[in-house]
Amino acid sequence: MPAPISHELLGQVLAEDIVSDIDMPPFDKSLMDGFAVRSADLPEGKAVLAVAEEVTAGQTPKRQVQPGQATKIMTGAPIPAGADAVVMIERSKPGTNGRVEIDDRPPRPGQNVMPRGREMRKGEVVLSAGTELRPQEFGTLAAVGKTTIAVIPRPRVAILCTGDEIVDASQQPKPGQIRNGNGPMLQAQVARAGAIPQYLGIARDRVEELRTRIKEGLQSDLLVLSGGVSAGKLDLVPGVLQELSVQAHFHKVEMKPGKPVFFGTQERTLVFGLPGNPVSALACFELFVRPAIRQLAGHAKSGPFFVEATLAEDFVYKTDRPTYYPSWLEWEGKGYQVRPVPWFGSPDLRALTRANAFLFVATGEHQLPAGQLVTVMKTDDES
Ligand code: AMP
Ligand code: MG
């Protein structure tokens, strides 16, 4: 889909090859402020040369550099005919009668000159389809004169929270009620993953209401549901999904937190049912939903992204399921170090405000010493 070049496309993926319409640089170009010389004139590096003219960036040289001459030249200006090297200004001093005294090592032909077409040639593919757009890609697109490009559109992700007990953040919860943390959290996760959140609000645990709202969500590329997917009396989501011809691919994963997680498809729409507990919802999103979004958005590497780290302190833990334990991951000079944060289970979202990663712990009883190599799932980009 053609889109005007804008920083709003940051992180999106190119859907076309980009061909340069020019040689870059378009002319032999000086890389220094200094003097364009004939290298053969300076076999010893030392010489007194007549200055033919001065050329700044944006000007074109008018004179050929003759034997015994030099042209004063600024960074980015075209090299005059006759010259084949640039001596930096710091290696020169003004001589008498408009001459210049050069005192350098003998210049090598091509010194401080970027030849025409060194960076790219006219007609060359400079960016190929599948490339993620970062700041350097925007600069390159502009350099080859592109003002619109074809990109893979950001996936549209519907988010529906479910639960009789869930109330909006603006409300004072009554006994038994709980504020909707997952709504804002999942919208932010969708945006961070590079997709467009389409928030559908909170549905009560009623089959009819769920059916209407889920149908609406199935119009998007991807539907994320929060709550109602485990084995409780009012966990109605899997039944409603089945009724709406969503084909289940998995339901329940041997993991902690997040065991009840559901994944299905209906035609081209991907459907993820995340458990309502906020830590489960966040972890399952990072493990399953974010990689799916990145695939739809055309990224070659979709994640989840794991790194190896050493434990910063002893860690004693017993678990009956493979566990993603909230942790703080940091680069410590030689490698990653990880420190599990205090965590009181899947409702304890506050623990995640002190975490930026999940330490992976296999099923079993562990007494891991500080310095032990472990596997960690990264969730934040910038830490
Ligand atoms: P469920 O997956 O529906 O069984 O919910 C599991 C737990 O997560 C319950 O304690 C819910 O109250 C809680 N929960 C469900 N949805 C949300 C939400 N949107 N925000 C915060 N907590 C929630
Ligand atoms: Mg519920």
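The figures that follow rest on heavy atoms only: side chains count, while hydrogens, waters and symmetry mates do not.
- By the 4.5 Å heavy-atom criterion applied to side chains, C161 and Y199 are counted as neighbours.
- The main-chain N or O of G232 is never found under 3.5 Å from a side-chain atom of S230 such that the two would form a donor-acceptor pair.
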Test side-chain contact (heavy atoms from CB on, under 4.5 Å) applied to E124 and M24, step by step: CA-CA 11 Å; E124 195 184 330; M24 272 293 276; over 6 Å; no

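- When each of F315, F344, F358 is tested with Y325 by the rule ring pair (Phe, Tyr, Trp, His ring centres under 6.0 Å), just one qualifies, namely F315.
- The residues K93 and D103 are annotated as not salt-bridged, no charged nitrogen and carboxylate oxygen being separated by less than 4.0 angstrom.
- The aromatic ring centres of H366 and Y317 sit 6.0 Å or more apart.
- I202 approaches R213 most closely through the heavy-atom pair O-NH2, 3.4 Å.
- The backbone N or O of T162 sits nowhere less than 3.5 Å from a side-chain atom of R204 that would complete a donor-acceptor pair.
- Clustering ILVMFWY residues whenever any of their side-chain heavy atoms sit less than 4.5 angstrom apart, transitively, puts M74 in a cluster other than the one holding L31.
- Judged by distance alone, the side chains of T56 and Q59 do bring a donor and an acceptor atom under 3.5 Å apart.
- Taking each heavy atom of L186 and S226 in turn, the nearest pair found is CD1-CB, 3.9 Å.
- For V151 against A3, the heavy-atom pair with the smallest separation is CG2-CB, 4.3 Å.
- Between A283 and M377, the shortest heavy-atom distance links the atoms O-CE, 4.4 Å.
- Following chains of ILVMFWY side-chain contacts shorter than 4.5 Å, one cannot reach V167 starting from L349, and the two form parts of different hydrophobic clusters.
- Contact of the E254 side chain with the P322 side chain is registered, since non-hydrogen atoms from C-beta on lie closer than 4.5 Å.
- By the 4.0 Å N-to-carboxylate-O rule, K301 lies too far from E132 to be salt-bridged with it.
- A side-chain contact (heavy atoms from CB on, under 4.5 Å) with L133 is found for exactly one of I149, T140, L10, namely I149.
- Between the side chain of R179 and the backbone N or O of Q171 there is at least one donor-acceptor pair closer than 3.5 Å.
- Atom CZ of R321 has more than 12 heavy atoms from other residues, nucleotides or ligands within 6.0 Å.
- Within the 4.5 Å cutoff, side-chain heavy atoms of L329 are placed close to those of K378.
- Between the side chain of R116 and the backbone N or O of D23, no donor-acceptor pair lies under 3.5 Å.
- Note on L282 and L225: separate hydrophobic clusters, where clusters join Ile, Leu, Val, Met, Phe, Trp and Tyr whose side-chain heavy atoms are under 4.5 Å apart, directly or indirectly.
- Within 6.0 Å of CD on Q242 lie no more than 12 heavy atoms contributed by other residues, nucleotides or ligands.
- Contact detail for A77 and F27: the closest heavy-atom pair is C-CE1, 4.1 Å.
- We find the CG-CD distance between L42 and E44 to be 9.5 Å, quoted to the nearest 0.5 Å.
- Listed for the D168 side chain is a donor-acceptor partner under 3.5 Å among the backbone atoms of S170.
- Within a 6.0 Å sphere centred on CZ of R350, other residues, nucleotides and ligands contribute 12 heavy atoms or fewer.
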Check against side-chain contact (heavy atoms from CB on, under 4.5 Å), K334 and T310: CA-CA 10 Å; K334 291 199 196 115; T310 53; over 6 Å; no

side-chain contact (heavy atoms from CB on, under 4.5 Å) between L210 and E243, intermediate numbers included: CA-CA 11 Å; L210 285 168; E243 190 193 311; over 6 Å; no

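- The closest side-chain heavy-atom distance from L218 to E267 is not below 4.5 Å.
- Side-chain atoms of E119 and M114, non-hydrogen and from C-beta on, do get closer than 4.5 Å to each other.
- Ring planes of F250 and F288: tilted class, angle from 30 to 60°.
- Side chain of S30 to main chain of I79: no donor-acceptor pair is present (N/O by atom type, distance under 3.5 Å, no hydrogens or angles).
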Criterion side-chain contact (heavy atoms from CB on, under 4.5 Å) on I293 and H299, from CA distance to verdict: CA-CA 9 Å; I293 288 174; H299 291 277; over 6 Å; no

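- With P80 as the partner, the side-chain contact (heavy atoms from CB on, under 4.5 Å) test is satisfied by one option alone out of I73, D28, T60: I73.
- In this structure, the separation between CG on D221 and CG on L270 is 8.0 Å, given to the nearest 0.5 Å.
- Interatomic distance, F262 CZ to D235 CG, rounded to the nearest 0.5 Å: 13.0 Å.
- Under the 4.5 Å side-chain heavy-atom criterion for grouping Ile, Leu, Val, Met, Phe, Trp and Tyr, V361 is connected to V307 within one hydrophobic cluster.
- Both L160 and V229 sit in one connected hydrophobic cluster of ILVMFWY residues. Membership requires side-chain heavy atoms under 4.5 Å apart, directly or through other members.
- Note that CG of L127 and CE of M120 are 8.0 Å apart. Values are rounded to the nearest 0.5 Å.
- Residues Q172 and Q177 form no side-chain contact, since every pair of their non-hydrogen atoms from C-beta on lies 4.5 Å or further apart.
- A donor-acceptor contact shorter than 3.5 Å links the side chain of N182 to the backbone of G276.
- At least one side-chain heavy atom of V261 sits under 4.5 Å from a side-chain heavy atom of P275.
- Residues K62 and E53 are not paired through a salt bridge, judged by the lack of any N-O separation under 4.0 Å between the basic side chain and the carboxylate.
- Within the 3.5 Å criterion, the main-chain N or O of R134 finds a donor-acceptor partner in the side chain of E137.
- Summarising the geometry of G82 relative to R38, their closest heavy-atom pair is O-CG, 3.4 Å, with the distance given to 0.1 Å.
- At most 12 heavy atoms of other shown residues, nucleotides or ligands fall within 6.0 angstrom of atom CZ in R156.
- You'll find the side chain of V338 reaches within 4.5 Å of the side chain of L311, heavy atoms only.
- For D164 and R206, the salt-bridge test passes: some basic side-chain N is under 4.0 Å from an acidic carboxylate O.
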Chi angles and distances behind the salt bridge (charged side-chain N to carboxylate O under 4.0 Å, His left out) call for K146, D21: CA-CA 9 Å; K146 280 296 208 180; D21 68 339; over 6 Å; no

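- E208 has no carboxylate O lying under 4.0 Å from a charged side-chain N of R211, or vice versa, which leaves the two without a salt bridge.
- Between the CZ atom in F35 and the CD atom in E101 there is a gap of 11.0 Å [rounded to 0.5 Å].
- Of the possible polar contacts, one joining the T379 side chain to the N356 backbone as a donor-acceptor pair under 3.5 Å is found.
- Considering CD1 of I178 and CD1 of I166, their distance stands at 6.0 Å, rounded to 0.5 Å.
- Shown are D33, T75, N112; of these, the side-chain contact (heavy atoms from CB on, under 4.5 Å) with V86 is made only by N112.
- Side-chain N or O atoms of Q189 include none that pairs as donor or acceptor with a backbone N or O of F285 at under 3.5 Å.
- Side-chain rings of Y324 and F360 approach one another, their centers coming within less than 6.0 Å.
- Counting heavy atoms of neighbouring residues, nucleotides and ligands inside a 6.0 Å radius, atom NZ of K252 exceeds 12 of them.
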